Amino acid sequence: MKKVNLYGKWIISISLLIICGYVYLIQVNDNKQVIEETSAQMHFEINNTKHAIETLKPKASPAEDFETEKPTYTAILDKALLIRDKELRIKTISNHLLNWAKEAPLECVHWLSEQYKAPEHMLYISQVIHFLITDNLPVAGDIILNFEILHSDQSIVDDYLSSQVAVSPYDGIEWLNNLSNEKIKQEAELRLLQTWAKLGPMQLLNYLEVHTEIAGNNRHIIQHQLAQTLTKNNSKQVQDEFYSYPSSFQPNLAYSVISQWPEHELSDAREWIFTLEGEQSKYFAIKSYIDYTGTSSANMNELIEQIHSPKLRAHLLERLQ
């Protein structure tokens with residue numbers, strides 16, 4: 001009987017455990033469903049909130065979708081040309097032109113070339129070209145050749161060549177040969193050679209010996225300037241090395257040596273003239289001595305008698321009167 005009761009209790013205990021486990025599983029499933037439903041609801045609410053915020057945001061205009069476009073230099077300059085105050089107009093336009101020339105020199109000069117009716121037109125051109133010559137010499141040279149208004153202006157051509165000779169006189173001559181205006185070309189050639197004579201006299205002297213096409217008055221002017229430069233730099237050295245210079249150059253050199261001889265050593269100058277070889281060199285040395293000292297014919301007869309050409313002697317005697 002006792003065993004039956006124990007067995008019954010055991011059956012009841014097992015049944016209760018099974019019931020409790022079943023109830024627990026049901027509760028877990030219910031909680032999981034609630035969590036999933038809650039999560040889904042929260043996700044829905046979040047999405048709705050985002051959508052509401054996006055809806056409330058003001059829509060950007062099409063212009064705001066792109067970076068604001070800067071006004072072009074042409075637009076700025078066209079507006080600046082309307083400024084009535086002359087000083088303010090020049091200052092404003094000049095500043096914008098120089099900035100434009102830094103960024104796009106060809107476009108800047110092209111715009112300028114079309115503004116020939118604008119006030120102060122040549123002033124702006126001069127400013128821009130001078131800036132380009134200083135900032136970028138090769139670009140400046142190309143631009144000057146490309147625009148007739150530029151390579152027809154003697155001052156612009158001379159300004160460019162003065163800077164180019166300091167860098168490379170040979171490039172300056174090559175550039176000069178591209179000019180079509182013969183009058184501008186001839187004037188510019190003389191300016192180029194004169195600048196070259198100051199910066200590199202010996203280099204130019206060698207160039208003149210090779211390039212005989214530089215003739216006439218230009219050659220005479222340049223040889224005279226070369227002689228002055230060389231003698232001024234080192235007169236004593238020129239005297240000592242006189243015959244090492246080209247024979248065609250010696251007459252000009254002889255004139256220059258005497259013209260720069262120290263006044264308190266004129267007796268040495270006369271002695272140097274006596275020793276000179278070459279009729280032309282001696283003639284120019286005596287001529288320089290007369291011009292330099294203004295001496296009378298009595299003191300110069302001995303020197304003049306060394307000149308064999310009657311024509312040259314007559315010129316010297318005439319110079320004394």
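As the structure is a prediction and not an experimental result, all values here were calculated from the model.
- For the atom pair NE2 of His220 and CG of Asn218, the computed distance is 11.0 Å after rounding to the nearest 0.5 Å.
- For the residue pair Leu98 and Val128, the shortest heavy atom distance occurs at CD2-CA, 4.4 Å.
- Listed by chain and number, the residues in a salt bridge (Lys or Arg N to Asp or Glu O under 4.0 Å) with Lys236 are Asp240 (sequence neighbours excluded).
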If you apply the rule side-chain hydrogen bond (donor to acceptor under 3.5 Å, both in side chains), what do you find for Tyr73 with Glu107, and how did you get there?
CA-CA 10 Å; Tyr73 277 109; Glu107 289 83 350; over 6 Å; no
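- When the ring pair (Phe, Tyr, Trp, His ring centres under 6.0 Å) test is applied to Tyr124, no partner is found at least two apart in sequence or on another chain.
- No donor-acceptor distance shorter than 3.5 angstrom exists from the side chain of Gln164 to the backbone of Leu137, with no hydrogens or angles considered.
- Rounded to the nearest 0.5 Å, atoms CE (Met122) and CG (Leu112) are 9.5 Å apart.
- Applying the ring-ring contact (aromatic ring centres under 6.0 Å, His included) rule to pairs touching residues 130-159 yields nothing, sequence neighbours excluded.
- Distance CG/Asn178 to CD1/Ile144: 12.5 Å, rounded to 0.5 Å.
- Taking the side chain as every heavy atom from C-beta outward, Leu77 and Trp100 approach each other to under 4.5 Å.
- Within the structure, the salt bridge (charged side-chain N to carboxylate O under 4.0 Å, His left out) test picks out the following pairs touching residues 143-162 (sequence neighbours left out): Asp158-Arg191.
- Each of Ile143 and Tyr116 belongs to its own hydrophobic cluster when Ile, Leu, Val, Met, Phe, Trp and Tyr are linked at side-chain heavy-atom distances under 4.5 angstrom.
- Partners of Ser163 according to the side chain to side chain donor-acceptor pair (under 3.5 Å) rule, which considers only residues two or more places apart in sequence or in another chain, do not exist here.
- Using a 30° and 60° split on the angle between ring planes, Trp196 and Tyr207 fall in the tilted class, from 30° to 60°.
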What's the verdict on side-chain hydrogen bond (donor to acceptor under 3.5 Å, both in side chains) for Gln239 and Ser235, showing C-alpha distance, side-chain angles and the deciding distance?
CA-CA 6 Å; Gln239 295 170 36; Ser235 180; 3.3 Å; yes
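- The two residues Lys185 and Leu176 make their nearest non-hydrogen contact at CE-O, 3.6 Å.
- Within the 3.5 Å criterion, the main-chain N or O of His308 finds a donor-acceptor partner in the side chain of Glu279.
- Counting only distance, with no hydrogens or angles, the side chain of Tyr243 and the backbone of Glu277 share a donor-acceptor pair below 3.5 Å.
- Take His211 and apply the side chain to side chain donor-acceptor pair (under 3.5 Å) test, not counting sequence neighbours, and it matches Glu213.
- For the salt bridge (charged side-chain N to carboxylate O under 4.0 Å, His left out) condition, the pairs that include at least one residue of residues 306-321, sequence neighbours left out, are Asp291-Arg319.
- Partners of Tyr160 by ring pair (Phe, Tyr, Trp, His ring centres under 6.0 Å), not counting sequence neighbours, listed by chain and number: Trp175.
- Inter-residue side-chain proximity for Ile125 and Ile156 is flagged as met; some heavy-atom pair is nearer than 4.5 Å.
- Going from atom CD1 of Ile76 over to atom CG of Asn95 covers 11.5 Å, rounded to the nearest 0.5 Å.
- The minimum heavy-atom distance linking Pro105 with Val139 is given by the pair CG-CG1, 4.0 Å.
- No more than 12 heavy atoms of other residues, nucleotides or ligands sit less than 6.0 Å from atom CD of Glu174.
- With sequence neighbours excluded, the residues satisfying side chain to side chain donor-acceptor pair (under 3.5 Å) with Ser168 are Asp171.
- Tyr283 has its side chain out of reach of Ser309: every pair of non-hydrogen atoms, C-beta onward, lies at least 4.5 Å apart.
- When every heavy atom of Thr212 is checked against every heavy atom of Arg219, the shortest pair comes out as CA-NH2, 3.4 Å.
- Leu106 and Ile133 fall within the same hydrophobic cluster, defined by Ile, Leu, Val, Met, Phe, Trp and Tyr side-chain heavy atoms under 4.5 Å apart, directly or through other members.
- In this structure a side-chain-to-backbone donor-acceptor pair under 3.5 Å is missing from His121 to Ser113.
- A donor-acceptor contact shorter than 3.5 Å is absent between the side chain of Ser126 and the backbone of Leu123.
- Around atom CD of Glu271, no more than 12 heavy atoms belonging to other residues, nucleotides or ligands sit under 6.0 Å away.
- Using a distance-only test at 3.5 Å, with no hydrogens or angles considered, no donor-acceptor pair links the side chain of Tyr289 to the main chain of Ile273.
- Considering only heavy atoms from C-beta on, Leu320 comes within 4.5 Å of Met300 through its side chain.
- With sequence neighbours excluded, the residues satisfying side chain to side chain donor-acceptor pair (under 3.5 Å) with Lys282 are Gln306.
- The side-chain heavy atoms of Glu120 and Lys86, taken from C-beta on, include a pair separated by under 4.5 Å.
- The closest donor-acceptor contact from the side chain of Ser244 to the backbone of Glu241 lies under 3.5 Å.
- The salt bridge (Lys or Arg N to Asp or Glu O under 4.0 Å) check on Glu209 picks up nothing, with sequence neighbours excluded.
- Distance check: Ser248 OG to Leu205 CG gives 7.5 Å after rounding to the nearest 0.5 Å.
- A distance-only check finds no donor-acceptor pair linking the side chain of Trp111 to the backbone of Gln115 [under 3.5 Å].
- Under the 4.5 Å side-chain heavy-atom criterion for Ile, Leu, Val, Met, Phe, Trp and Tyr, Val210 and Ile173 are members of distinct hydrophobic clusters.
- Heavy-atom minimum distance, Leu161 versus Gly172: CD2-O, 3.7 Å.
- For NE2 of His110, the number of neighbouring non-hydrogen atoms (other residues, nucleotides, ligands) closer than 6.0 Å is 12 at most.
- Of all heavy-atom pairs between Phe249 and Gln223, the closest is CE1-O, 3.2 Å.
- Both Val167 and Tyr170 are part of a single hydrophobic cluster, where members link through side-chain heavy atoms under 4.5 Å apart.
- Two residues are said to be in side-chain contact when any heavy atoms from C-beta on lie closer than 4.5 Å; Val109 and Leu150 meet this criterion.
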Could you list the donor-acceptor pairs under 3.5 angstrom formed between side-chain atoms of residues 224-233 and any protein atom two or more places apart in sequence or on another chain?
from	atom 1	to	atom 2	distance (Å)
Gln225	NE2	Gln194	O	2.9
Gln228	OE1	Gln260	NE2	3.1
Thr229	OG1	Gln225	O	3.0
Thr231	OG1	Ala227	O	2.7
Thr231	OG1	Ser256	OG	3.0
Asn233	ND2	Thr229	O	3.3

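- Distance check, rounded to the nearest 0.5 Å: NZ of Lys102 to CG of Leu132 gives 11.5 Å.
- When hydrophobic clusters are built by joining Ile, Leu, Val, Met, Phe, Trp and Tyr residues whose side-chain heavy atoms come closer than 4.5 Å, directly or via intermediates, Ile83 is not grouped with Leu81.
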